[in-house]
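To start, the structure under review is shown below, and the notes come after it.
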Amino acid sequence: MANERYNAPDREKHWQQVWDQGEIFKAREDHAIPKCYVLEMFPYPSGRIHMGHVRNYAMGDVFARFKRAKGFNVLHPMGWDAFGMPAENAAMERKVHPGTWTYANIDTMRGQLKSMGLSLDWSREIATCSPDYYKHQQKLFLDLLKKDIAYRKSSKVNWDPVDHTVLANEQVIDGRGWRSGALVEQRQLTQWFFKITAYADELLRDLDTLTHWPEKVRLMQANWIGRSEGMLVRWGLDTATAPPGLIELEVYTTRPDTLFGASFLAVAPDHPLAKAAAEKDAKLAEFCDECRRLGTSVADIEAAEKRGFDTGIRAVHPFDPTWQLPVFVANFVLMEYGTGAIFGCPSGDQRDMDFARRYDLPVVPVILPAGEDAKTFTLKNKAFEDDGVMINSRFLDGMSTKAAFEAAASRLEKQTLNGAPQGQRKVNFRLRDWGISRQRYWGCPIPVVHCGVCGVVPVAERDLPIELPEDATFDKPGNPLARHPTWKHTTCPSCGAPATRETDTMDTFVDSSWYYVRFTAPHSATPVDKVAAQYWLSVDQYIGGIEHAILHLLYSRFFARALSDTGHLTFASNTREPFSALFTQGMVTHETYKSQDGYWLLPNDVRFEGEGNGRRAIEISSGRPAAIGSIEKMSKSKKNLVDPDDIIAHYGADCARWFMLSDSPPERDVIWTEAGVAGAGRFIQRVWRIVEDIADAVPEIALPRPQSFGADALSVRKAAHRSLDQVGRSIEALRFNVAVANVHEFCNALQAAHGKTGPDMAFAAREAAAFLVTMIGPMMPHLAEECWARLGYNTLLANEPWPAVEAALLVDDQVTIAVQVNGKRRDELVISRTANTEEVEAAALRLEPVIRALEGRPVKKVIVVPQRIVNVVG
RNA sequence: GCGGACGUGGUGGAAUGGUAGACACACAGGACUUAAAAUCCUGAGUUCGAAAGAGCGUGAGGGUUCGAGUCCCUCCGUCCGCACCA
């Protein structure tokens with residue numbers, strides 16, 4: 001048979017057209033069918049897709065296609081996270097409008113994604129920068145505003161004085177703006193916030209229900225939310241030492257049990273008490289300034305030295321009016337957490353210990369670790385932070401840490417200071433409200449108006465969307481909306497007086513916090529179509545990068561709840577989770593190459609000589625040796641990039657997809673290698689050959705099922721059914737590398753049966769070929785479709801159900817079980833699957849190697865695990 | 001510093017507490033070919049041995065178990081997250 005090579009690039013285009021024309025992957029609004037919502041994190045339209053996208057979308061597509069074949073009504077949409085800074089940077093650098101730039105990128109990337117052959121429902125495509133999308137977001141904002149979930153407050157921000165913009169914490173590097181390099185200032189600005197803290201408890205509690213999320217992500221979110229149970233404790237101040245009018249200081253503590261170990265109080269440099277005290281003390285003022293400057297810089301973290309300044313103010317211990325403690329301003333106390341003030345117990349907290357040693361403050365052990373003697377127990381420079389028995393603590397002595405907490409807490413609650421209870425139990429969170437104001441152009445306008453008479457007034461809903469002006473300028477730093485000559489001028493929706501629009505736009509994380517909801521009804525006139533949302537949500541499988549473990553996923557979880565509380569969404573289940581299963585895939589990595597001049601080189605710019613240890617890289621243009629560097633995440637800066645377009649044009653999309661799924665477990669990093677891709681390419685041809693051989697040898701489409709099968713045919717059928725079963729399970733569990741191995745194994749089994757003939761074999765071979773095509777279908781859909789046609793079927797494989805396996809073929813009559821003597825494998829035993837324990841035991845003891853290994857010792861015990869193993873103990 | 005994950009052949013990696021190394025890559029030998037590519041077959045953890053076979057083997061050390069890559073403890077190494085959260 002003159003086999004022709006499978007021409008991937010040619011056939012792939014063909015099948016993509018067929019799928020497209022047949023609208024095969026359009027999700028159906030038939031809510032009687034069980035649904036499956038498969039979603040990959042939508043991309044930012046940066047210009048071109050990269051290998052990370054290929055991996056992410058290949059995985060999602062395998063899952064989506066598999067679920068379709070399993071009979072689910074699959075929603076598998078795609079869109080664009082299209083607002084953001086890069087578009088504005090492009091506008092500044094290249095004098096192109098952010099919208100023009102963004103939509104051109106979207107066109108390019110849509111084309112690239114289509115060339116991957118993804119089973120996407122493109123009729124649901126959304127771009128967050130389109131007014132069709134953001135007008136709904138503005139409506140949601142207005143509803144959040146009504147419910148006080150959106151609000152304005154003054155807060156400290158990182159201000160870049162060159163770019164005239166607020167920077168997120170992660171955009172501040174070593175105290176400087178990531179773009180301008182200017183020293184970042186702390187400014188007090190009025191900003192818009194979402195009250196995510198109102199949901200802190202629920203967001204934390206419901207993490208427990210997310211059993212199909214990686215443990216790691218749940219842990220990261222739990223840490224981020226950072227719940228702690230403690231107390232607010234008010235300390236009286238010695239008025240002789242305190243600034244006028246200040247009579248008390250409130251601290252937050254999680255350890256009221258250690259109050260008798262207290263040796264100082266400390267407040268943040270920005271604490272009102274520090275500011276008041278600094279007014280009369282120039283040296284203190286200078287110290288506070290210094291602390292502020294060191295704020296976020298790395299130098300500060302490296303120094304990590306606890307430093308403080310004694311304000312001279314004295315506080316009175318809540319349990320002993322005669323006991324006074326110094327109040328310090330300390331650099332390690334954060335104004336943003338708790339009350340911005342602490343009490344220090346050096347024996348029970350390492351930071352306090354460091355501080356006490358530096359400033360020579362008393363260290364009184366109050367907790368005795370188990371196994372220590374109270375008389376001899378001392379602490380050097382290491383605090384004891386665990387539980388134990390209370391000592392040196394008067395009425396708490398002898399109690400456990402927990403009991404002491406309760407005893408101290410209830411006494412503080414009963415005690416009064418200045419007419420109010422001195423202590424109050426308080427749950428505190430690390431999580432802060434989400435600041436969404438950005439002084440940028442390319443984002444969703446916040447739909448409010450500032451009126452001199454009425455204040456902040458929401459825009460009327462009939463006036464939505466508030467669209468971005470087309471004619472903004474990007475030639476200088478600062479907010480193009482704020483300096484636009486006319487855009488912001490309007491009238492007050494309430495009183496009609498002249499007013500100005502809000503010129504802040506929303507953080508782009510807002511856009512991506514509800515896109516998965518919009519996909520369920522992307523053309524709905526309201527932001528959410530409740531019926532569609534209730535059917536499709538939650539997302540059954542969400543796939544994306546671990547880099548979004550905290551922010552995007554937490555914001556989305558918050559939004560699902562906020563949309564539910566504003567009546568947009570109803571959840572069928574009792575938790576309001578948007579993503580019931582999450583999978584975080586690893587990165588795509590590649591070797592790096594450097595020229596002799598120290599420049600990074602593209603993989604395409606080098607060729608190789610030798611192999612193994614003798615493998616060398618040569619720079620093609622100069623012919624000079626190049627250095628082979630470490631394997632790193634593909635990045636523009638290190639130039640270790642492979643362009644998906646090149647790979648698809650050369651090998652085909654199926655090849656790129658197959659390689660991405662092979663070998664490396666999907667949650668781990670994968671190393672992109674030329675040899676690996678070539679191997680995937682060879683496998684494609686191998687599958688094609690196997691299918692062609694069978695199609696030619698057995699051209700009949702519907703063979704009658706033989707009455708019985710000979711040994712050879714039976715073994716082919718067993719391999720086919722077993723493999724189909726395994727591949728299905730592997731895909732279901734997102735273990736694509738194992739699914740690939742299952743397919744390889746099946747091909748090897750088919751190859752071994754090559755050349756066998758007979759009517760039973762013909763039936764088995766055709767069945768095997770159809771199964772093979774089915775199982776590669778989700779992973780290499782074009783090749784599978786071509787093979788399906790080659791086998792003579794005139795249906796589309798994409799519409800074919802996943803065949804049912806015959807359970808009888810999954811089990812063998814004979815099983816091979818290992819036989820161990822004292823835990824060491826000595827032989828194998830082939831025996832009937834239904835053999836009972838006695839038969840297995842007897843057969844095992846007859847084995848020559850077993851007798852030899854026993855060396856004449858009597859058999860003490862025989863452990864038989866049916867169908868698995870026998871262990872003879874002697 | 002705290003928290004987490006991981007550590008298996010030359011390489012990527014398989015393995016519900018039950019035959020460690022499936023599958024692939026790379027490698028070696030053979031077949032086909034004038035030759036090469038492609039393809040097909042065979043081999044291979046390591047040590048001893050011609051072979052049969054035996055010893056040793058999942059970062060190191062200990063423990064639980066009839067049986068441990070898998071569970072527990074200690075240590076070493078790599079990677080990731082958080083970064084003074086009171």
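The structure displayed is predicted, hence computed values, not measured ones.
Contact annotation: the side chain of A/V873 never approaches that of A/V862 to less than 4.5 Å [non-hydrogen atoms, C-beta and beyond]. Within the 4.5 Å cutoff, side-chain heavy atoms of A/R227 are placed close to those of A/E229.
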Distances under 3.5 Å between protein N/O atoms and the N/O atoms of nucleotides 5-12 of chain B, please, pair by pair.
from: B/rG12; atom 1: O2'; to: A/S664; atom 2: OG; distance (Å): 3.3
from: B/rG12; atom 1: N2; to: A/D663; atom 2: OD1; distance (Å): 2.9

- Start with the C-alpha gap between A/R722 and A/E745, add the side-chain angles, then the distance that decides, and say whether salt bridge (charged side-chain N to carboxylate O under 4.0 Å, His left out) holds. CA-CA 11 Å; A/R722 216 168 278 178; A/E745 214 162 345; over 6 Å; no
- Verdict with reasoning, A/R729 to A/E732, per salt bridge (charged side-chain N to carboxylate O under 4.0 Å, His left out): CA-CA 5 Å; A/R729 287 170 197 277; A/E732 187 94 54; over 6 Å; no
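Not counting sequence neighbours, the partners of A/R607 by the salt bridge (charged side-chain N to carboxylate O under 4.0 Å, His left out) test are A/E609. Contacts of A/R686 classified as salt bridge (charged side-chain N to carboxylate O under 4.0 Å, His left out), with partners at least two apart in sequence or in another chain: none. Applying the side-chain hydrogen bond (donor to acceptor under 3.5 Å, both in side chains) test to A/R868 and every residue at least two apart in sequence or in another chain returns nothing. With sequence neighbours left out, the side-chain hydrogen bond (donor to acceptor under 3.5 Å, both in side chains) criterion links A/N640 to no other residue.
Rounded to an integer number of Å, the gap from CD of A/Q221 to P of B/rC82 is 13 Å. Between A/E674 atom CD and B/rA24 atom C1' the separation is 17 Å, expressed in whole Å. Look at NE2 on A/H271: it is 17 Å from P on B/rA86, rounded to the nearest Å. Rounded to whole Å, the distance from CG on A/L554 to P on B/rC82 is 13 Å. Counting to the nearest Å, the P atom of B/rC85 and the CG atom of A/N331 are 13 Å from each other. Counting to the nearest Å, the P atom of B/rC23 and the CD atom of A/E745 are 5 Å from each other. Rounding to whole angstrom units, CG of residue A/N223 and P of B/rG1 are separated by 18 Å. When rounded to the nearest whole Å, the span between CD1 of A/I869 and P of B/rA20 equals 7 Å.
If you take atom C1' in B/rG1 and the same atom in B/rG12, they sit 35 Å apart, rounded to whole Å. With both ends at atom C1', the span from B/rA14 to B/rU19 equals 14 Å, rounded to whole Å. Straight-line distance between the P atoms of B/rG18 and B/rU70: roughly 11 Å, to the nearest whole Å. For B/rA44 and B/rA24, the C1' atoms lie 15 Å apart once the distance is rounded to whole Å. Across B/rA22 and B/rG69, the matching C1' atoms stand 15 Å from one another, rounded to whole Å. Only the P atoms considered, B/rA37 is 25 Å distant from B/rC23, to the nearest whole Å. Taking the P atom of each, B/rU11 and B/rG45 are spaced 14 Å apart, rounded to whole Å. For the P atom pair drawn from B/rC76 and B/rG61, the interatomic distance equals 15 Å after rounding to whole Å.
In terms of polar N and O atoms assigned as donor or acceptor, the side chain of A/R868 comes within less than 3.5 Å of the base of B/rU16 in a complementary pairing.
Relative orientation of the A/H552 and A/H548 rings is perpendicular, given thresholds of 30° and 60° on the angle between their planes.
Pairs engaging residues 655-681 of chain A under the salt bridge (charged side-chain N to carboxylate O under 4.0 Å, His left out) rule: A/D61-A/R657 [sequence neighbours left out]. Counting only residues at least two apart or in different chains, salt bridge (charged side-chain N to carboxylate O under 4.0 Å, His left out) contacts with residues 851-862 of chain A comprise A/E855-A/R857. Within the structure, salt bridge (charged side-chain N to carboxylate O under 4.0 Å, His left out) pairs that include any residue of residues 250-274 of chain A comprise A/K156-A/D270, A/R255-A/D257, A/D270-A/R292 (at least two apart or interchain).
Aromatic pair A/F328/A/F309: ring centres not closer than 6.0 Å. The six-membered or imidazole ring of A/F343 lies away from that of A/F264, with a centre-to-centre distance of 6.0 Å or more. Here A/F583 and A/W213 keep their ring centres 6.0 angstrom or further from each other.
Phosphate contact (OP1/OP2 of B/rA86, side-chain N/O of A/S228, threshold under 4.0 Å): present. Note on A/N428: every side-chain N or O is 4.0 Å or more away from OP1 and OP2 of B/rA86. The phosphate of B/rA86 has OP1 or OP2 within less than 4.0 Å of a side-chain N or O from A/Y337. Contact annotation: A/R826 side-chain N/O to B/rU19 OP1/OP2 distance is not under 4.0 Å. At the phosphate of B/rA54, OP1 or OP2 sits under 4.0 Å from a side-chain N or O atom of A/R852.
Closest to the side chain of A/V738, from the set B/rA14, B/rC23, B/rG81, is B/rA14. When distances run from any side-chain atom of A/R430 to the nucleotides B/rC82, B/rU16, B/rG3, the shortest one goes to B/rC82. Nearest to the side chain of A/L219, among B/rG4, B/rA86, B/rC84, sits B/rG4. Among B/rA14, B/rA26, B/rC56, the nucleotide with an atom closest to any side-chain atom of A/K824 is B/rC56. Nearest to the side chain of A/H744, among B/rC23, B/rA86, B/rA26, sits B/rC23.
Where A/F343 and A/M220 meet RNA chain B, the nucleotide closest to each residue was compared, and A/M220 sits on the side nearer the 5' end. Comparing A/V740 and A/G340 against RNA chain B, the residue whose closest nucleotide sits nearer the 5' end is A/V740.
Between atom NZ of residue A/K638 and atom CD1 of residue A/I631 there is a gap of 13.0 Å, rounded to the nearest 0.5 Å.
Under the 90° criterion around 0 for the glycosidic angle, B/rG49 counts as anti.
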Give every donor-acceptor pair under 3.5 Å between a side-chain atom in residues 815-825 of chain A and any protein atom, sequence neighbours left out.
from: A/N822; atom 1: OD1; to: A/G874; atom 2: N; distance (Å): 3.0
from: A/N822; atom 1: ND2; to: A/G874; atom 2: O; distance (Å): 3.2

- Per-nucleotide protein contact string for nucleotides 60-66 of chain B (B base, S sugar-phosphate only, - none; heavy atom under 4.0 Å): ------B
- Note on the structure: Counting primed atoms, P, OP1 and OP2 as sugar-phosphate and everything else as base, the B/S/- map of nucleotides 37-52 of chain B against protein heavy atoms under 4.0 Å is --SSS-----------
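In RNA chain B, consecutive stretches of 3 or more Watson-Crick or G-U wobble pairs with both distances under 3.5 Å are given as paired ranges: B:1-7 with B:76-82, B:10-12 with B:23-25, B:27-31 with B:39-43, B:45-48 with B:53-56, B:59-63 with B:71-75.
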